[in-house]
There are 2 protein chains.
Amino acid sequence: MSTAAPGRRNLASAAGPPPELAGRLGYLLKHAQLGLAELTAAALEPYGLTGRELAVLTVLASGEPASQQQAAQRLGVDRTTMVALVDVLEDKGLVQRHAHAEDRRRNVVELTEKGRDRLHQAGAAAQEAESRFVAPLSRKDAQRLKAALLAVIQPEG
Amino acid sequence: MSTAAPGRRNLASAAGPPPELAGRLGYLLKHAQLGLAELTAAALEPYGLTGRELAVLTVLASGEPASQQQAAQRLGVDRTTMVALVDVLEDKGLVQRHAHAEDRRRNVVELTEKGRDRLHQAGAAAQEAESRFVAPLSRKDAQRLKAALLAVIQPEG
DNA sequence: TATTGTTATACTCTATAACTATA
DNA sequence: TATAGTTATAGAGTATAACAATA
(Lines give C-alpha, C1' and ligand atoms only; values in the text may rest on other atoms or scores of the structure.)
Protein backbone atom coordinates (compact mmCIF):
# COMPACT_ATOMS: atom_id res chain seq x y z
CA MET A 1 0.00 0.00 0.00
CA SER A 2 2.74 2.39 0.95
CA THR A 3 5.39 3.24 -1.59
CA ALA A 4 8.13 3.03 1.01
CA ALA A 5 10.54 0.16 1.17
CA PRO A 6 9.56 -2.61 3.55
CA GLY A 7 12.38 -2.02 6.00
CA ARG A 8 11.87 1.47 7.27
CA ARG A 9 12.14 5.05 6.06
CA ASN A 10 9.53 7.09 4.43
CA LEU A 11 10.50 10.71 4.88
CA ALA A 12 10.39 12.11 1.39
CA SER A 13 13.63 10.42 0.48
CA ALA A 14 12.69 10.37 -3.19
CA ALA A 15 10.80 13.63 -3.52
CA GLY A 16 13.45 16.05 -2.35
CA PRO A 17 12.76 18.90 0.01
CA PRO A 18 9.60 20.98 -0.41
CA PRO A 19 10.67 24.56 -1.09
CA GLU A 20 9.05 25.94 2.05
CA LEU A 21 11.25 23.72 4.21
CA ALA A 22 14.43 23.63 2.13
CA GLY A 23 15.72 26.75 3.86
CA ARG A 24 15.33 25.42 7.38
CA LEU A 25 18.56 24.12 8.82
CA GLY A 26 16.67 21.65 11.01
CA TYR A 27 15.09 20.05 7.99
CA LEU A 28 18.38 19.91 6.10
CA LEU A 29 20.25 18.34 9.00
CA LYS A 30 17.59 15.78 9.69
CA HIS A 31 17.30 14.62 6.12
CA ALA A 32 21.03 14.65 5.53
CA GLN A 33 21.41 12.47 8.57
CA LEU A 34 18.69 10.12 7.43
CA GLY A 35 20.11 9.89 3.92
CA LEU A 36 23.57 9.01 5.13
CA ALA A 37 22.19 6.59 7.69
CA GLU A 38 20.37 4.78 4.92
CA LEU A 39 23.50 4.51 2.76
CA THR A 40 25.58 3.41 5.72
CA ALA A 41 23.07 0.79 6.81
CA ALA A 42 23.15 -0.73 3.34
CA ALA A 43 26.93 -0.65 3.26
CA LEU A 44 27.20 -2.35 6.65
CA GLU A 45 24.60 -5.02 6.06
CA PRO A 46 27.09 -7.52 4.58
CA TYR A 47 29.07 -7.26 7.80
CA GLY A 48 26.09 -7.81 10.04
CA LEU A 49 26.51 -4.49 11.82
CA THR A 50 24.40 -1.40 12.32
CA GLY A 51 25.91 2.05 12.30
CA ARG A 52 25.43 2.25 16.02
CA GLU A 53 27.20 -1.03 16.61
CA LEU A 54 30.10 0.13 14.48
CA ALA A 55 30.30 3.28 16.59
CA VAL A 56 30.40 1.16 19.73
CA LEU A 57 33.19 -0.99 18.33
CA THR A 58 35.07 2.16 17.33
CA VAL A 59 34.87 3.62 20.80
CA LEU A 60 35.77 0.36 22.49
CA ALA A 61 38.78 -0.10 20.21
CA SER A 62 40.19 3.35 20.86
CA GLY A 63 42.53 3.98 23.74
CA GLU A 64 42.77 1.59 26.63
CA PRO A 65 40.02 -0.91 27.40
CA ALA A 66 37.30 1.11 29.05
CA SER A 67 34.55 0.10 31.42
CA GLN A 68 31.10 -0.19 29.95
CA GLN A 69 30.03 2.97 31.63
CA GLN A 70 32.98 5.00 30.40
CA ALA A 71 32.28 3.79 26.89
CA ALA A 72 28.62 4.69 27.30
CA GLN A 73 29.56 8.22 28.30
CA ARG A 74 31.80 8.64 25.27
CA LEU A 75 29.03 7.41 23.03
CA GLY A 76 26.48 9.54 24.81
CA VAL A 77 24.10 6.73 25.62
CA ASP A 78 22.57 5.52 28.82
CA ARG A 79 24.14 2.72 30.89
CA THR A 80 21.15 0.54 30.22
CA THR A 81 21.34 1.12 26.50
CA MET A 82 24.99 0.16 26.59
CA VAL A 83 24.15 -3.17 28.18
CA ALA A 84 22.00 -4.14 25.24
CA LEU A 85 24.57 -2.93 22.71
CA VAL A 86 27.37 -4.92 24.31
CA ASP A 87 25.07 -7.94 24.61
CA VAL A 88 24.56 -7.94 20.86
CA LEU A 89 28.23 -7.54 20.07
CA GLU A 90 29.14 -10.26 22.52
CA ASP A 91 26.59 -12.62 21.00
CA LYS A 92 28.23 -11.97 17.64
CA GLY A 93 31.60 -12.83 19.10
CA LEU A 94 33.05 -9.39 18.44
CA VAL A 95 33.70 -8.33 22.05
CA GLN A 96 34.28 -9.97 25.39
CA ARG A 97 33.49 -8.82 28.90
CA HIS A 98 36.01 -9.32 31.69
CA ALA A 99 35.76 -8.31 35.31
CA HIS A 100 38.10 -5.46 36.09
CA ALA A 101 41.02 -6.72 38.19
CA GLU A 102 40.96 -3.98 40.80
CA ASP A 103 37.26 -3.13 40.88
CA ARG A 104 35.16 -6.19 40.28
CA ARG A 105 31.99 -4.15 39.81
CA ARG A 106 33.29 -2.98 36.46
CA ASN A 107 33.21 -4.76 33.15
CA VAL A 108 36.16 -4.23 30.87
CA VAL A 109 34.97 -4.73 27.31
CA GLU A 110 37.60 -5.75 24.79
CA LEU A 111 37.39 -6.52 21.11
CA THR A 112 38.11 -10.06 20.05
CA GLU A 113 40.35 -10.65 17.05
CA LYS A 114 37.21 -11.23 15.03
CA GLY A 115 35.90 -7.93 16.35
CA ARG A 116 39.01 -6.08 15.27
CA ASP A 117 38.84 -7.58 11.80
CA ARG A 118 35.19 -6.73 11.49
CA LEU A 119 35.80 -3.20 12.69
CA HIS A 120 38.38 -2.61 9.97
CA GLN A 121 36.25 -4.08 7.20
CA ALA A 122 33.01 -2.42 8.24
CA GLY A 123 34.78 0.83 9.00
CA ALA A 124 36.13 0.93 5.46
CA ALA A 125 32.67 0.20 4.07
CA ALA A 126 31.14 3.00 6.12
CA GLN A 127 33.87 5.36 5.00
CA GLU A 128 33.12 4.46 1.42
CA ALA A 129 29.42 5.13 1.96
CA GLU A 130 30.27 8.52 3.38
CA SER A 131 32.38 9.29 0.31
CA ARG A 132 29.52 8.40 -1.98
CA PHE A 133 27.21 10.55 0.11
CA VAL A 134 29.34 13.67 -0.25
CA ALA A 135 30.13 12.96 -3.89
CA PRO A 136 28.00 15.96 -5.03
CA LEU A 137 30.46 18.21 -3.19
CA SER A 138 34.00 19.11 -4.10
CA ARG A 139 36.62 17.65 -1.82
CA LYS A 140 37.14 21.06 -0.31
CA ASP A 141 33.43 21.65 0.28
CA ALA A 142 33.11 18.23 1.89
CA GLN A 143 35.90 19.16 4.28
CA ARG A 144 34.24 22.49 4.97
CA LEU A 145 30.98 20.72 5.74
CA LYS A 146 32.59 18.54 8.37
CA ALA A 147 34.51 21.45 9.85
CA ALA A 148 31.36 23.54 10.09
CA LEU A 149 29.42 20.74 11.79
CA LEU A 150 32.23 20.19 14.25
CA ALA A 151 32.38 23.89 15.07
CA VAL A 152 28.67 24.02 15.68
CA ILE A 153 28.68 20.93 17.89
CA GLN A 154 31.61 21.88 20.07
CA PRO A 155 30.58 23.30 23.45
CA GLU A 156 33.02 26.16 22.91
CA GLY A 157 35.10 27.28 19.98
CA MET B 1 20.97 9.58 39.10
CA SER B 2 21.56 10.56 35.53
CA THR B 3 23.17 13.90 34.78
CA ALA B 4 20.79 14.51 31.90
CA ALA B 5 17.93 16.95 32.11
CA PRO B 6 14.59 15.45 33.09
CA GLY B 7 13.02 15.91 29.68
CA ARG B 8 15.11 13.85 27.35
CA ARG B 9 18.54 13.94 25.76
CA ASN B 10 21.62 12.29 27.03
CA LEU B 11 23.93 11.94 24.05
CA ALA B 12 27.15 13.53 25.20
CA SER B 13 25.73 16.98 24.71
CA ALA B 14 28.07 18.41 27.31
CA ALA B 15 31.19 16.35 26.70
CA GLY B 16 31.76 17.11 23.03
CA PRO B 17 32.68 14.49 20.49
CA PRO B 18 35.19 11.80 21.40
CA PRO B 19 38.14 12.13 18.99
CA GLU B 20 37.65 8.70 17.46
CA LEU B 21 34.16 9.68 16.29
CA ALA B 22 34.68 13.37 15.56
CA GLY B 23 35.75 12.61 12.00
CA ARG B 24 32.69 10.55 11.09
CA LEU B 25 30.13 12.53 9.15
CA GLY B 26 27.33 10.40 10.56
CA TYR B 27 28.25 11.34 14.09
CA LEU B 28 28.57 15.02 13.21
CA LEU B 29 25.23 15.15 11.44
CA LYS B 30 23.42 13.33 14.19
CA HIS B 31 24.71 15.49 16.96
CA ALA B 32 24.31 18.71 15.03
CA GLN B 33 20.70 17.76 14.43
CA LEU B 34 20.17 16.92 18.08
CA GLY B 35 21.80 20.12 19.23
CA LEU B 36 19.67 22.30 17.01
CA ALA B 37 16.55 20.33 17.89
CA GLU B 38 17.19 21.01 21.54
CA LEU B 39 17.63 24.75 20.97
CA THR B 40 14.57 24.88 18.76
CA ALA B 41 12.43 22.96 21.22
CA ALA B 42 13.31 25.44 23.94
CA ALA B 43 12.62 28.39 21.65
CA LEU B 44 9.22 27.01 20.65
CA GLU B 45 8.09 26.02 24.11
CA PRO B 46 6.51 29.41 24.89
CA TYR B 47 4.37 28.99 21.79
CA GLY B 48 3.21 25.49 22.71
CA LEU B 49 4.61 23.97 19.56
CA THR B 50 7.15 21.28 18.74
CA GLY B 51 9.50 21.61 15.82
CA ARG B 52 7.54 18.99 13.98
CA GLU B 53 4.26 20.82 14.52
CA LEU B 54 5.83 24.02 13.24
CA ALA B 55 6.95 22.14 10.14
CA VAL B 56 3.40 20.89 9.62
CA LEU B 57 2.00 24.39 9.95
CA THR B 58 4.63 25.65 7.52
CA VAL B 59 3.71 23.08 4.90
CA LEU B 60 -0.01 23.59 5.35
CA ALA B 61 0.37 27.36 5.04
CA SER B 62 2.35 27.21 1.81
CA GLY B 63 0.62 27.18 -1.53
CA GLU B 64 -3.00 26.20 -1.84
CA PRO B 65 -4.76 24.24 0.90
CA ALA B 66 -3.58 20.69 0.48
CA SER B 67 -5.25 17.44 1.40
CA GLN B 68 -3.90 15.69 4.45
CA GLN B 69 -2.21 13.11 2.33
CA GLN B 70 -0.53 15.64 0.05
CA ALA B 71 0.77 17.46 3.08
CA ALA B 72 2.00 14.18 4.53
CA GLN B 73 3.94 13.45 1.36
CA ARG B 74 5.59 16.85 1.42
CA LEU B 75 6.57 16.33 5.01
CA GLY B 76 7.70 12.81 4.34
CA VAL B 77 5.52 11.20 6.98
CA ASP B 78 2.99 8.42 6.87
CA ARG B 79 -0.74 9.10 6.41
CA THR B 80 -1.41 7.75 9.87
CA THR B 81 1.23 9.94 11.43
CA MET B 82 -0.34 12.92 9.73
CA VAL B 83 -3.69 12.16 11.33
CA ALA B 84 -2.21 12.48 14.79
CA LEU B 85 -0.31 15.64 13.90
CA VAL B 86 -3.40 17.35 12.52
CA ASP B 87 -5.42 16.15 15.51
CA VAL B 88 -3.06 17.96 17.85
CA LEU B 89 -3.05 21.16 15.82
CA GLU B 90 -6.82 21.08 15.56
CA ASP B 91 -7.17 20.59 19.31
CA LYS B 92 -5.01 23.67 19.74
CA GLY B 93 -7.26 25.63 17.43
CA LEU B 94 -4.52 26.27 14.90
CA VAL B 95 -6.00 24.40 11.94
CA GLN B 96 -9.40 23.27 10.72
CA ARG B 97 -10.44 20.31 8.61
CA HIS B 98 -13.02 20.72 5.87
CA ALA B 99 -14.32 18.13 3.46
CA HIS B 100 -13.06 18.79 -0.06
CA ALA B 101 -15.90 20.09 -2.25
CA GLU B 102 -15.26 17.86 -5.25
CA ASP B 103 -13.86 14.77 -3.57
CA ARG B 104 -15.44 14.23 -0.20
CA ARG B 105 -12.94 11.58 0.78
CA ARG B 106 -10.33 14.26 1.20
CA ASN B 107 -9.75 16.59 4.10
CA VAL B 108 -8.60 20.07 3.27
CA VAL B 109 -6.62 21.37 6.20
CA GLU B 110 -6.46 25.12 6.60
CA LEU B 111 -4.84 27.34 9.16
CA THR B 112 -7.08 29.40 11.37
CA GLU B 113 -6.21 33.01 12.00
CA LYS B 114 -4.79 31.93 15.32
CA GLY B 115 -2.76 29.33 13.44
CA ARG B 116 -1.33 31.92 11.08
CA ASP B 117 -0.37 34.20 13.95
CA ARG B 118 1.25 31.36 15.82
CA LEU B 119 3.13 30.27 12.73
CA HIS B 120 4.66 33.70 12.31
CA GLN B 121 5.62 34.06 15.94
CA ALA B 122 6.98 30.55 16.35
CA GLY B 123 8.67 30.67 12.96
CA ALA B 124 10.57 33.76 14.01
CA ALA B 125 11.58 32.11 17.27
CA ALA B 126 12.83 29.03 15.43
CA GLN B 127 14.76 31.21 13.03
CA GLU B 128 16.37 32.97 15.93
CA ALA B 129 17.35 29.63 17.49
CA GLU B 130 18.93 28.61 14.20
CA SER B 131 20.92 31.85 14.14
CA ARG B 132 22.22 31.21 17.63
CA PHE B 133 23.11 27.67 16.63
CA VAL B 134 25.27 28.75 13.71
CA ALA B 135 26.76 31.68 15.61
CA PRO B 136 30.19 29.98 15.74
CA LEU B 137 30.30 30.22 11.94
CA SER B 138 30.80 33.26 9.78
CA ARG B 139 27.75 34.29 7.80
CA LYS B 140 29.36 32.93 4.67
CA ASP B 141 30.24 29.60 6.26
CA ALA B 142 26.71 29.27 7.58
CA GLN B 143 25.39 29.78 4.06
CA ARG B 144 27.90 27.25 2.73
CA LEU B 145 26.75 24.75 5.33
CA LYS B 146 23.15 24.98 4.22
CA ALA B 147 24.09 24.86 0.56
CA ALA B 148 26.22 21.77 1.10
CA LEU B 149 23.46 19.98 2.99
CA LEU B 150 20.97 20.83 0.30
CA ALA B 151 23.29 19.54 -2.42
CA VAL B 152 23.79 16.29 -0.59
CA ILE B 153 20.09 15.77 0.03
CA GLN B 154 18.89 16.51 -3.49
CA PRO B 155 18.21 13.38 -5.54
CA GLU B 156 20.17 14.93 -8.41
CA GLY B 157 22.25 18.04 -8.81
C1' DT C 1 -11.73 -2.07 -7.18
C1' DA C 2 -8.94 1.94 -5.62
C1' DT C 3 -8.26 5.86 -2.53
C1' DT C 4 -8.68 9.02 1.84
C1' DG C 5 -8.97 9.24 6.37
C1' DT C 6 -9.14 6.72 10.51
C1' DT C 7 -8.28 3.32 14.30
C1' DA C 8 -5.95 -0.39 16.47
C1' DT C 9 -1.78 -2.49 16.88
C1' DA C 10 3.09 -3.50 16.87
C1' DC C 11 7.80 -2.44 16.65
C1' DT C 12 12.01 0.27 17.64
C1' DC C 13 14.61 3.13 20.43
C1' DT C 14 15.87 4.78 24.60
C1' DA C 15 15.27 6.39 29.25
C1' DT C 16 13.74 5.70 34.43
C1' DA C 17 13.26 2.73 38.48
C1' DA C 18 14.42 -1.03 41.00
C1' DC C 19 17.54 -4.96 42.03
C1' DT C 20 22.29 -7.37 42.74
C1' DA C 21 27.03 -7.32 43.64
C1' DT C 22 30.68 -5.06 44.88
C1' DA C 23 33.14 -1.12 47.13
C1' DT D 1 26.06 4.73 51.49
C1' DA D 2 27.53 4.92 46.73
C1' DT D 3 28.65 2.81 42.23
C1' DA D 4 28.68 -0.71 37.96
C1' DG D 5 26.01 -3.63 35.76
C1' DT D 6 21.64 -5.62 34.97
C1' DT D 7 16.54 -6.32 34.43
C1' DA D 8 11.89 -4.85 33.96
C1' DT D 9 9.12 -1.37 32.44
C1' DA D 10 7.32 2.69 30.24
C1' DG D 11 7.21 6.40 27.02
C1' DA D 12 7.86 8.59 22.38
C1' DG D 13 7.79 8.01 17.66
C1' DT D 14 6.34 5.88 13.62
C1' DA D 15 5.03 2.20 10.74
C1' DT D 16 1.65 -1.77 9.06
C1' DA D 17 -2.99 -3.83 8.79
C1' DA D 18 -7.73 -3.50 8.82
C1' DC D 19 -12.01 -0.76 8.36
C1' DA D 20 -15.54 2.92 6.79
C1' DA D 21 -16.82 6.23 3.50
C1' DT D 22 -16.37 7.76 -1.00
C1' DA D 23 -14.92 7.53 -5.80
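All values below come from the heavy atoms of this structure, side chains included, with hydrogens, waters and symmetry mates left out.
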Taking for each residue the nucleotide of DNA chain C bearing the nearest heavy atom, is the 5' side occupied by A/Ala84 or by A/Ala101? A/Ala84

Go through the N and O atoms of the side chain of A/Arg105 and the base of D/dT3, and report whether any donor-acceptor pair is under 3.5 Å. yes

Any side-chain N or O of A/Gln70 less than 4.0 Å from the OP1 or OP2 oxygen of D/dA4? no

Under a 4.5 Å cut-off applied to non-hydrogen side-chain atoms, are A/Glu110 and A/His98 in contact? yes

Between A/Glu90 (CD) and D/dT6 (C1'), how many Å, whole number? 13 Å

For A/Asp87 and D/dG5, what is the distance between atoms CG and P respectively, to the nearest whole Å? 12 Å

Round to the nearest Å and state the distance from A/Met82 atom CE to C/dC13 atom P. 16 Å

Per the side chain to side chain contact (heavy atoms under 4.5 Å, CB included) rule, which among B/Leu49, B/Val56, B/Thr58 passes with B/Leu119? B/Thr58

Here the distance between atom C1' of D/dT3 and atom CD of A/Gln73, to the nearest Å, is 12 Å

B/Asp78 side chain: which of D/dA15, D/dG5, D/dT7 is closest? D/dA15

Counting side-chain heavy atoms from C-beta on, which of C/dA23, C/dG5, D/dT16 comes nearest to A/Asp103? C/dA23

Does the D/dT14 base have a donor-acceptor partner in the side chain of B/Thr80 within less than 3.5 Å? no

More 5' along DNA chain D: B/Glu102 or A/Asn107, using each one's nearest nucleotide? A/Asn107

In terms of side-chain heavy atoms, does A/Arg106 have a donor or acceptor partner in A/Gln69 at a distance below 3.5 Å? no

What is the distance, to the nearest angstrom, from the CG atom on B/Leu85 to the C1' atom on C/dG5? 14 Å

Going by an N to O cut-off under 4.0 Å, is there a salt bridge joining A/Asp141 and A/Arg144? yes

Taking only the side-chain nitrogens and oxygens of B/Arg52, find out if one of them lies under 4.0 Å from OP1 or OP2 of D/dG13. no

If the cut-off is 4.0 Å, is B/Gln68 near the phosphate of C/dT4, judged by side-chain N/O to OP1 or OP2? no

Round to a whole Å and report the spacing from CG of A/Leu34 to P of D/dA15. 10 Å

Residue B/Arg104, side-chain heavy atoms: nucleotide from D/dA23, C/dT16, C/dG5 that is nearest: D/dA23

A/His98 NE2 to D/dA4 C1', in whole Å, measures 17 Å

Hydrophobic clustering (ILVMFWY, side-chain heavy atoms < 4.5 Å, transitive) - are B/Leu150 and A/Leu137 grouped together? yes

With a cut-off of less than 4.0 Å, is there a side-chain N or O of B/Thr81 near OP1 or OP2 of D/dA15? yes

Under 4.0 Å between a side-chain N/O of A/Gln69 and OP1 or OP2 of D/dT3, yes or no? no

To the nearest Å, how far apart are A/Arg79 CZ and D/dA2 P? 14 Å

